[in-house]
Amino acid sequence: MPLSRPLSRRDLLRSTAIAAATPVLAPLAGLAPAALAQAAAEGPAEPVWRHGLSLFGDLKYPAGFEHFDYVNPSAPKGGTVRQIAIGTFDNFNVVVSGVKGNLAGPVFFVYETLMTPALDEVSTEYGLLAEAVSYPADYASVTYRLRANARWHDGKPVTPEDVIFSLQAFTKNHPQFGAYYRHVTKAEKTGDRDVTFTFDQPGNRELPQIVGQLRVLPKHWWEGTDSQGRKRDVTQTTLEVPLGSGAYRIKEFSPGRTIVLERVKDHWAKDLPVSVGRDNFDELRYEYFRDTTVALEAFKGDAVDWRTENSAKDWATAYDFPAVKDGRVIREEFPIRSSGGMQAFAFNIRRDKFKDPNVRRAFNYAFDFEDMNQAMFFGQYKRVGSYFEGMPDLMSSGLPEGRELAILETVRDKVPAEVFTTPYTNPVAGSPEAVRNNFREALRLFKLGGFEVRDRKMVDVKTGQQMTVEFLLSSQTFERLVLRYQPALERLGIAATVRTIDPAQYENRMRSWDYDIIVDSWGQSLSPGNEQRGFWGTPAADQPGSQNSVGIKNPAVDALIEKVIFAKDRAELVAATKALDRVLLWNFYVVPQWTYGKQRTARWDRFGRPATMPTYGAAAFPTIWWWDAAKAAKTGGRS
């Protein structure tokens, strides 16, 4: 889901983690439940090895395919692309990225996963480090067979021991992955190149595939010593250039300022079908900016080549410079079809003042989205109305019925009654009369939640203390938006303040849950699954660095998450997801913000791209693009 703010280091981590850990809930062999039961009753069978896994049945690309349809297999290699990163970095260790330091997001290019997705299919994956995968009919385990020629950049082979080490390192030290892989009870070497993962119970149909999304680390490197003879520690931050197996490696860097990756020209996987036509630039250069305005000016001044624009205001007003007018800079929007989610003002309900859902709902009635959209977004956005916004088949709507209703009946005594009687809608403002009506409703809700106005102050009726809220931000871009919301809260008698701090301070306060309200987002794939535990599950509420920033501990939500994870087919997954969405909405954990269904981009005209772009890849930059020397010559580009 596109954000109306530049991506912070935390956002970059989250989006990368989501991409690396997109859950796939699939009838992997296309078997019906009855067939699965029969197969289980018949006992072990000879393993069936597959070159890929699919959510919806058949794979588009057969074994032995040459390349993905959306790449240019003849794309030239070469050139440098300069991109923008917001924030800073002081860490290259992806294992502790959720709890320590400020990770350099581009370091993810250094590593590879067992499988890799196709961008023109929904939730399919094909072998990368692994050449084949096998699992039993009851989904109680999965075995991956590594490619014989898979190599680290030092020439050593990628081994089952590396895979086992990686799983243990991530699950022990990274809260998000600890929750994500909680059902994996054992990983063991079962052949020279085979590694088998055993699950705590059968029937979790997505687990065989999400294991394939594990980012693999070199055990021998992490257990070795650095250039000063010091033993490396996978539990600590580091700025030592890491060893990887990917198409790129770190060439040079300046802490907090710049990181340059170079293409590995003899990369072991460059001729694999999943690699052909990808990773075409010789160098990927990331310039770090703490201020988004400075980053935009750097783009205008040709200090960077590509920009993803997250500000509606800048998209409407900031691209009138000469290079745009004469065609040297191209603006283009790419539809986003593969993801969606929630972006919102998120309450920290660990704090007493936000525990009552009436209070949280009152904040939504004080928010005039329609005014903000016209005044600050040039009418470009629509209001988020679902935790799965942007994916119509997963969004709840109307009243529950059919399978969704049946699922909700199992938690009826634990959810608000309105879940069954009233479709969820956000308040609508935009006119003086609507605003007045919304304010009256907000006051009513505050009173239900134990607050009332006395001497023009919203006070707790038990303590007499005025309600105070601090909006904690890590980017100045969002300040002006909160400041437009602030007067409405003050009019209700709330002492509202806005505090913007640097990324390092922000990370520390997030990890200790030290905030009232933040701006947060939860990206969703087309096939929700185990990651929902990390977003809304009770255990994640107490895990530092988890994505349950709200602090949700709700037995109904926990039960519905399990329904999503253990759904037996796509129809049940959809129904369970809608039920989860509806219950989250009716608990008013957030004040939903806004969304835009396209990726806005601007680029200096120096690049080529395939004639047919991938359906689910948005811009897919820089992955499938390439340096076009002829275009670059016309725009003053480097060779």
Side-chain angles (χ1 to χ4, degrees), residues 12 67-68 70-85 104-112 116 119 153 241 244-254 257-272 274-289 295-309 321 323-324 326-332 334 599-614 617-639:
L12 181 56
H67 58 78
F68 291 133
Y70 53 81
V71 302
N72 174 7
S74 302
K77 306 290 186 180
T80 297
V81 57
R82 304 165 301 171
Q83 299 177 80
I84 292 170
V107 76
F108 282 105
F109 284 103
V110 171
Y111 299 109
E112 290 172 317
T116 191
L119 300 180
H153 294 154
V241 173
S245 64
Y248 288 90
R249 59 188 164 209
I250 296 176
K251 176 183 179 182
E252 60 188 59
F253 68 95
S254 175
R257 299 180 60 185
T258 305
I259 180 170
V260 180
L261 297 100
E262 64 177 352
R263 183 169 60 85
V264 180
K265 295 183 180 179
D266 60 348
H267 183 223
W268 72 271
K270 63 183 177 66
D271 296 322
L272 291 180
V274 296
S275 301
V276 171
R278 293 170 45 107
D279 307 315
N280 301 311
F281 293 101
D282 278 350
E283 288 188 354
L284 306 177
R285 184 180 184 94
Y286 291 84
E287 302 290 348
Y288 276 74
F289 298 89
L296 177 57
E297 292 305 315
F299 174 76
K300 292 180 180 180
D302 197 8
V304 290
D305 300 300
W306 175 280
R307 176 175 172 81
T308 296
E309 183 55 73
F321 54 100
V324 174
D326 63 25
R328 288 177 294 147
V329 166
I330 295 175
R331 297 201 307 160
E332 187 170 6
F334 296 89
Q599 180 185 3
R600 308 184 192 94
T601 70
R603 66 182 186 271
W604 286 84
D605 190 15
R606 295 164 182 156
F607 311 110
R609 70 168 193 224
T612 301
M613 295 293 285
F621 187 90
T623 307
I624 62 174
W625 295 59
W626 61 88
W627 180 260
D628 189 316
K631 289 183 177 180
K634 297 177 182 179
T635 58
R638 306 147 322 281
S639 60

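Side chains of Pro610 and Trp626 form a contact here, defined as non-hydrogen atoms less than 4.5 Å apart. When side chains are defined from C-beta on, Thr601 counts as touching Phe334, because their heavy atoms get closer than 4.5 Å.
Phe253 is linked by a ring pair (Phe, Tyr, Trp, His ring centres under 6.0 Å) to Phe92, counting only residues two or more places apart in sequence or in another chain. With sequence neighbours excluded, no residue satisfies side chain to side chain donor-acceptor pair (under 3.5 Å) with Asp266. Partners of Glu297 under the side-chain contact (heavy atoms from CB on, under 4.5 Å) rule, at least two apart in sequence or in another chain, are Lys300. Residues passing the ring pair (Phe, Tyr, Trp, His ring centres under 6.0 Å) test with Tyr248: none are found, sequence neighbours excluded. Partners of Arg307 under the side chain to side chain donor-acceptor pair (under 3.5 Å) rule, at least two apart in sequence or in another chain, are Glu309, Tyr319. Applying the side-chain contact (heavy atoms from CB on, under 4.5 Å) criterion to Leu272, with sequence neighbours excluded, gives Leu128, Arg147, Trp268, Ala269, Val274, Ser275. For Glu287, the side-chain contact (heavy atoms from CB on, under 4.5 Å) partners are Thr258, Arg285, Phe289, Val304, not counting sequence neighbours. Residues forming a salt bridge (charged side-chain N to carboxylate O under 4.0 Å, His left out) with Arg603 (at least two apart in sequence, or on another chain): Glu332. Considering only residues two or more places apart in sequence or on other chains, Trp306 meets the side chain to side chain donor-acceptor pair (under 3.5 Å) condition with Thr308. Listed by chain and number, the residues in a salt bridge (charged side-chain N to carboxylate O under 4.0 Å, His left out) with Asp628 amount to none (sequence neighbours excluded). Not counting sequence neighbours, the partners of Lys270 by the side-chain contact (heavy atoms from CB on, under 4.5 Å) test are His267. Applying the side chain to side chain donor-acceptor pair (under 3.5 Å) rule to Asn280 yields the partners Lys77; only residues at least two apart in sequence or on another chain are considered.
If you take OG1 on Thr80 and CG on Leu261, they are separated by 11.0 Å, rounding to the nearest 0.5 Å. Atom-to-atom distance recorded for Phe109:CZ and Ile259:CD1 is 10.0 Å, nearest 0.5 angstrom. Atom CG of residue Leu284 and atom CD of residue Glu262 lie 10.5 Å apart, to the nearest 0.5 angstrom.
For Ala602 against Val329, the heavy-atom pair with the smallest separation is CB-CG1, 4.5 Å. Shown here for Tyr288 and Ala104, the closest heavy-atom pair between the two residues is OH-CA, 3.6 Å. The two residues Ile84 and Ala295 make their nearest non-hydrogen contact at CD1-O, 3.7 Å. Summarising the geometry of Gln83 relative to Pro622, their closest heavy-atom pair is NE2-CG, 3.9 Å, with the distance given to 0.1 Å.
With respect to Arg328 and Asp605, no salt bridge is recorded, no charged nitrogen being found less than 4.0 Å from a carboxylate O. A salt bridge links Asp302 with Arg606: the closest approach of a Lys/Arg side-chain nitrogen to an acidic carboxylate oxygen falls below 4.0 angstrom.
Side chain of Trp625 to main chain of Ala619: a donor-acceptor pair is present (N/O by atom type, distance under 3.5 Å, no hydrogens or angles).
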| query | Is there a side chain to side chain contact (heavy atoms under 4.5 Å, CB included) between Ile624 and Asn72 once you walk through the steps? | reply | CA-CA 8 Å; Ile624 62 174; Asn72 174 7; over 6 Å; no

| request: List the steps and the verdict of side chain to side chain contact (heavy atoms under 4.5 Å, CB included) for Trp627 and Asp282. | output: CA-CA 9 Å; Trp627 180 260; Asp282 278 350; over 6 Å; no

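With a 6.0 Å radius and a threshold of 12 heavy atoms from other residues, nucleotides or ligands, Arg331 has its CZ atom above the threshold.
Aromatic pair Phe621/Phe607: ring centres closer than 6.0 Å.
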